[in-house]
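Quantities reported herein were computed from a predicted structural model and do not represent experimental measurements. Letters go in sequence order (proteins before strands), and every chain restarts at 1.
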Amino acid sequence: MPNTSIMTFNILSILPVLILAGFGMMVLVVDVLSSRKMGEKNFLAYLSLIGVVIAAFLSKNFTGTTLFSFYGAYTIDNYSLFFQFVFLLCAGLTILISKNYVQRENINYGEYYTLILFSTIGMILMASGADLLNIFIGLEIMSISIYILVGMKRTRLTSNEASLKYFLLGAFSTGFLLYGIALVYGATGTISLRQIAVFIAGKGGVLDPLLLAGMGLIIVGIGFKIASAPFHAWVPDVYEGAPTAITAFMAVGPKAAGFAAFLRIFFIAFGQVHQDWEKIIWILAVLTMTTGNIIALIQTNIKRMLAYSSIAHAGYLLIALVAANNMSVSAILFYLLAYLFMNIGAFAIVIVISQKEDSFLKISDFSGLAYKHPRLAIAMTLFLLSMAGIPPTAGFVGKFYIFSSAIKSGYVLLAIIGVINSVIAVFYYLRVTVAMYMRGPEREFQPLTLSPFIFVAIIISIIGTIQLGIFPAKVLEIAQRSILLLR
Amino acid sequence: MITLTHYLVLSAILFSIGVVGVLIRRNAIVIFMCIELMLNAVNLSFVAFAHYLHSMEGQMFVFFSMTVAAAEATVGLAIIIAIFRNKETVNVDDMNIMKW
Amino acid sequence: MEPYLFYVMAATSVVAALYLIFEKNPVFCALYLVFSFINIAVLYVLLEAQFIAAVQVIVYTGAIMVLFLFVIMLLMVDVKKKQKDDLPFQRIPAMVMGFVLLVVMGLAIKSKLFQGREGEYTSAKVESIGHTQLIGKLLFTDYLLPFEMTSILLFVAVIGAIILAKRKV
Amino acid sequence: MLNLVALILLFPLIGSAMNGLFGRRLRKESIGYIACGAIGLSFFISVLVFIGLLLLPPEERIFEKHLFSWIQSGSFNAAVGFQVDPLSSLMILIVTGVGFLIHIYSMGYMHDDKGYHRYFSYLNLFTFSMLLLVLSNNFLLMFVGWEAVGLCSYLLIGFWFEKKSASDAAKKAFVVNRVGDFGFALGIMLIFLTFHSIDFTEVFNAASHGEFAIGNITITLITLLLFMGAAGKSAQIPLYTWLPDAMEGPTPVSALIHAATMVTAGVYMIARCNVLYMLSPFTMTVVASIGATTALFAASIGLMQNDIKRVLAYSTISQLGYMFLACGVGAFTAGIFHLMTHAFFKALLFLGSGSVIHALSGEQDMRKMGGLKNHIPITYKTFLIGTVAIAGIPPFAGFFSKDEILLEAFVRGNVIYWSIGAFAAFLTAFYMFRLLFMTFHGESRVDPHVKEHLHESPRNMTIPLIILAGLSIIGGFWGLPGASALNHFLSPVFGGHGHNEMHGVEAGAHHGIGLPSLMMVVSTLIAIGGIWLAYQMYVKKQELPKKLAERFALPYRILYNKYYVDEIYDAIFVNPVKKISVQLWKKVDAMMIDGSVNGVARFVTGTSNIFRFLQTGYVRNYAFYIVVGCIFILILTTWLNK
């Protein structure tokens, strides 16, 4: 990638990635060497958690620096560091909610944790890649790891099916993404995002069909990963079939990574030709929100409902993408962090409530939870209210911020559609709350196995959801500082 | 004289054939082969662009996309084998437990 | 000479691709795909990408497609048995959509107003350095990061193959 | 003393948290003491704050307490801060004062309920949210309180969720309120867009300093959106349907939330934004006409209801309509005055009806009451005071406030507003005395089993009744025309609109001193007329109602069925949606599985139903969507941009 001002090699810049990779392999080796039975291998979770924590500390050291290492292929700036933090937090929380789950479901392999760590590497690469090649490789590392994780529960048909569906469609959409990159490359002669921007600026911001087609195909490819309609169809099936802890992971991680790449590509490379893509994203945003919310209304399986809700959330995030001002970037960063807490928290509670072989996942299985386990019910209500965007939770601040950014750029209609959608969304979140508080139990609740791990994960999620709702100032400030280099 | 356009059109034709194949075949392995065809079509575009633009980036990209294809093939075929063990079929129309 | 070669290779690869999507027997499908890939490899040579052509033949057709064949043989799917087809009505729309896609792409390709920036690696320059040397050099300089990252990618793939396809874990 | 304002909110929050988290382990007495103590302390501090405010000279009576900055980004600022001014100080007194009495009452009323701690936790949380709503110094924080009171209301309506009707009612309340909240949220965004601030002081300053002409279209839009929120929360046409159903909640809840405090939030909000509303005559007309229509409409439904709480619910809607009528003609003081007196006597009436229900072991149907006045004398006497107050007989509280509204409607509005209001007042007097007569007078129609257990309520229930009865008697003098302490007290908030803001009394002076007096006489006569009619129909000639019902069968049926509004809503909105969703999922399912006959014909139906087919579970379908989406995007990018 020629002509980047800072041409360094600087292996230290990818230290968090190296740590994650190192710990990933270490988990595998330790797993093989140990003679214990599968159910007893607690140390795998500990080890991978340590890896995540170390990586987080190392990446924290970079705050404030801006660095283009590996000959300009890898960017470190506040933006990518914010995403690194989100990814590592996501991985850490997933490991926390996984530990007992994998033992219960008999999939406590070292590979499980290794793949979580490796897919985190892929996400980091997507957020940090300064050219389309690195973003592409990162996306593939992430996706392939998750294809495997989804199919990890080999003996269960739903898991198999989810894995196959995700894999086939993922590979298919990769084809489109790759074609898009090829056309962009052909039209500009480079794959570096900054060089593309320079080239477009040189042409006075007028694009020819070849480049526009390439841009459209990239939207398809990344739109698939972030579950935007009409590329969302895989989401409910795959979320339902995947092991629940992985569902939590893939509802947050790949979506955040997809948005990281989306923002980088469309704000840096295609930033000057905003008018050429805003209409498409506008339509996609409306379509995504509406589809997600409307179909979610009639779901009976909680994982499927959360899947559709995650589609809707992608739609809200796309609103901010359309707005394309500095406020919208920080809104996306903030919303993703909020979404991370509320989503993983909700899935953690789904894991606690469900029983072996992922049974008891109907919404009606939550009936009367408030009487048997009032604290769990309160926590779940908090997460659902946050997803519905009811104050004073993180989701409210995030939504408000996103809609304000849209209004600020003059997309009033889009904001109105967004608000209408968030009104619709309340109903299906409410159904769970109603079941928990306003119905008698329909089944015997087993005594809870609330291990310290999942307990910590839920507590972190609660704190995050409330903190971001009541005292969001600090995080918002960080989010605002994370956008400076983007445009 | 063969121009860039020739190569690009050929690439588009192969890509579209691959897409149609994905949509109409039921055998998961064949669907996957059609996806491989799509990737190859894209690679052809890359190499053609690289040649006519006198730039190596396209060729390097192909190098990596082949690696990715290899990795995808490994995992994809493993998934297909896993599902075959459970279900004795590779017909994607049979994989329809989860819907609506 | 070159135009003829292009047209022949293009035509055969398209025909092979069409056979791929209409052939019933997966083994033949794989062979058609191999055939198509080899044709593309020849086109790579025409485009002065000898290294890529070699990789195409050795890795793609030699390794990946053989893996496909192995899996097909391993699963021994009965081709005679009538396969369930729940979506016969998707065939024609699918082809129409494929055609529309081709037309849209074709229009985008045809109407190119400008082309990308010319790079520094003209044929003569590549010749003087040596094609494979150049790729090697680039891999360990500009493309070092993706190159290293592909190691993780391949590692993931190996893990996946083991964990998903091994008989007993 | 004003610095203590944050404590007012803190105590209920602590009380709620203590009862919510540890309530199951506490004894009942402690739960009650914690909850009442929290509100009591909060009331005490409210009084201190109020006194502190009174000690300031009138023009300086505004105090802002900034706690911390909540959302801050670039030009957008939202703080967590409280604003104490005459309006909000009055509101906190009402909320904590009436709330305190209702808390005490609840200790008796809910004594045997197994959800005792849950109830008090919600109730405290509600008080906290309501205080947040009235004390906030910016729109966004107000919205937080707004949503939170909605949530608490939802929880409390559905408190007895074992009854299906209760949980349905809760859901209905939530849904209808969401529609209103949606308008409110949009209104806030538009305010931010227009004023670049959501702080009350800044927005109102900008608005009052002549940057916006009267009738400005943006301001009109903003005020209409805000009014949409207000109509949802304060149960105005067409969003009123949730309030009567909300009576499924415990009676003290109806008294606190659905009579005295939460439902008046809409009136409060409009009064708070009076500067904006004064800039938009169109919105004012809308507010006034919807208020007047609601007042009449709800009162006419109230005529024929047989459930004691439902009568009161429709009466509440009707009285809220009065308040909006007052706001709509620009008589904000009159609106707030009526809000205050209404809080007293309507809380009293609800608590009284609760006492009746308590005495009758849960019976709510007035046809099964009658002759109770000797069995539960304290309840009867206090209830009588409340009824007289709402009917508008001098010198009780309701008379002055209602009279002032009618006067203002006549002076500032037109004779139509006045006549609607006056007619509604007539109906109010009628149905309230109908209620009183049916419940307490005449032959006893009480179930013999129940009759054995007839008893007056315990002291902790009757004392709040007595206090509220006292307030209902004297509450009106504060706003007495002529003396009008309230007018002067509130003028810093509502003043400053220039000549546009003429107080009714002064305006009345233009028509000569005779007009207010004349109005008073007229409205008293109207009230007496209503009472007389009720007396004729329900005490003297009890067969009369039945005869009338037979003779005027059609109007009777329409009124009895509440104008069939629920049925119409069901037919227009609910059923089609249900139908569509059933169609969508059941039929598509059948079609997909049964019908895989042959290609093209299916494709035609397939494409026409493309949105119904979405989640078929087939990978190839999903891939097809991707291709279609891709082509769509390509066409859009490459062609349509040119």
What part of B:V19 is in contact with chain C, defined as an atom under 4.5 angstrom from a non-hydrogen atom: side chain, backbone, both or neither? side chain

Working to the nearest 0.5 angstrom, can you tell me the gap between C:L164 CG and B:I81 CD1? 9.5 Å

Closest heavy-atom pair, C:I135 versus B:M56, reported as atoms and distance to 0.1 Å, is CG1-CE, 3.6 Å

Please walk me through it: do C:Y7 and B:H6 pass side-chain contact (heavy atoms from CB on, under 4.5 Å)? CA-CA 9 Å; C:Y7 283 120; B:H6 287 84; 3.1 Å; yes

Rounded to the nearest 0.5 Å, what's the gap from OH on C:Y19 to CD1 on B:I17? Could you check? 13.0 Å

Of all the heavy-atom pairs spanning C:A161 and B:A78, show the shortest one and how long it is. CA-CB, 3.7 Å

Do B:N40 and C:Q56 have a side chain donor and acceptor closer than 3.5 Å? yes

Provide the closest heavy-atom pair for C:S123 versus B:H51 in the form atom of the first, atom of the second, distance. OG-CE1, 4.5 Å

Sort C:V14 into side chain, backbone, both or neither according to what part of it lies under 4.5 angstrom from a heavy atom of chain B. both

Can you check whether B:E72 reaches C:L153 side chain to side chain, under 4.5 Å on heavy atoms? no

Let me see the working for C:F70 and B:L77 under side-chain contact (heavy atoms from CB on, under 4.5 Å), right down to the final yes or no. CA-CA 10 Å; C:F70 270 145; B:L77 292 173; over 6 Å; no

Bottom line for B:A50: the part with an atom under 4.5 Å from chain C's heavy atoms is neither

Part of C:A63 within contact of chain B (heavy atom distance under 4.5 Å): neither

Starting at OG1 of B:T74, measure out to CG of C:L154 and round the result to the nearest 0.5 Å. 7.5 Å

Of all heavy-atom pairs between B:R25 and C:C29, which one has the smallest distance, and what is that distance? NH1-SG, 3.8 Å

Using 30° and 60° as the class boundaries, would you call the ring planes of B:F64 and C:F147 parallel, tilted or perpendicular? perpendicular

Measuring heavy-atom distances to chain B, does C:F51 have an atom under 4.5 Å in its side chain, in its backbone, in both, or in neither? side chain

Within 6.0 Å of CD in C:Q50, more than 12 heavy atoms from elsewhere: yes

If you tally heavy-atom pairs under 4.5 Å between each of B:T67, B:I31, B:V22 and chain C, the highest tally belongs to B:T67

Do C:F22 and B:I24 touch side chain to side chain, with heavy atoms closer than 4.5 Å? yes

Is it the backbone or the side chain of C:M95 that comes under 4.5 Å from a heavy atom of chain B, or both, or neither? both

How about NZ on C:K125, more than 12 heavy atoms from neighbouring residues, nucleotides or ligands closer than 6.0 Å, or not? yes

Under a 4.5 Å heavy-atom cutoff, which of B:V68, B:V9, B:N43 has the most pairs with chain C? B:N43

If you measure from OG1 on C:T150 to CE on B:M66, what distance do you get to the nearest 0.5 Å? 14.0 Å

Got a second to check how far B:C34's SG is from C:L33's CG, nearest 0.5 Å? 8.0 Å

Please report the closest heavy-atom contact between C:L20 and B:V30, naming both atoms and the distance. O-CG1, 4.3 Å

Side chain to side chain, C:P26 and B:I29, heavy atoms closer than 4.5 Å: no

Hey, are the side chains of C:M65 and B:M33 touching, using non-hydrogen atoms and a 4.5 Å cut-off? yes

Side-chain (C:E2) to main-chain (B:I2) donor-acceptor, under 3.5 angstrom: no

Answer with side chain, backbone, both or neither: which region of C:S36 has an atom nearer than 4.5 Å to a non-hydrogen atom of chain B? side chain

C:Y44 side chain reached by B:L44 side chain, heavy atoms, under 4.5 Å: yes

Report yes if the side chains of C:F6 and B:L10 come closer than 4.5 Å at any heavy-atom pair, otherwise no. yes

Between B:F63 and C:Y143, is the gap from one ring center to the other below 6.0 Å? no

Most chain B-contacting option - heavy-atom pairs closer than 4.5 Å, from C:V71, C:V96, C:L46: C:V71

Using a cut-off of under 4.5 Å for heavy-atom pairs, which of B:V20, B:V92, B:N91, B:V75 has the most such pairs with chain C? B:N91

Measuring from atom CG of C:L75 to atom CD1 of B:I83, what distance do you get when rounded to the nearest 0.5 angstrom? 11.0 Å

Is it the side chain or the backbone of C:I64 that comes within 4.5 Å of chain B heavy atoms, both, or neither? side chain

Mind ranking B:D93, B:I13, B:D94 by heavy-atom pairs under 4.5 Å with chain C and telling me who comes out on top? B:D93

Criterion side-chain contact (heavy atoms from CB on, under 4.5 Å) on B:M60 and C:L139, from CA distance to verdict: CA-CA 8 Å; B:M60 300 307 296; C:L139 270 186; 3.5 Å; yes

Largest heavy-atom contact set with chain B, pairs under 4.5 Å, which of C:V59, C:V55, C:L138: C:L138

Ignoring hydrogens, what is the shortest heavy-atom contact between B:G21 and C:I21? Give both atom names and the distance. CA-CG2, 3.4 Å

Does the side chain of C:I109 come within less than 4.5 Å of B:Y7's, by heavy atoms? no

Test side-chain contact (heavy atoms from CB on, under 4.5 Å) on C:H131 and B:Q59 and set out the steps. CA-CA 11 Å; C:H131 189 241; B:Q59 288 197 29; 2.7 Å; yes

Non-hydrogen atoms of chain C under 4.5 Å away: do they reach the side chain of B:F49, the backbone, both or neither? neither

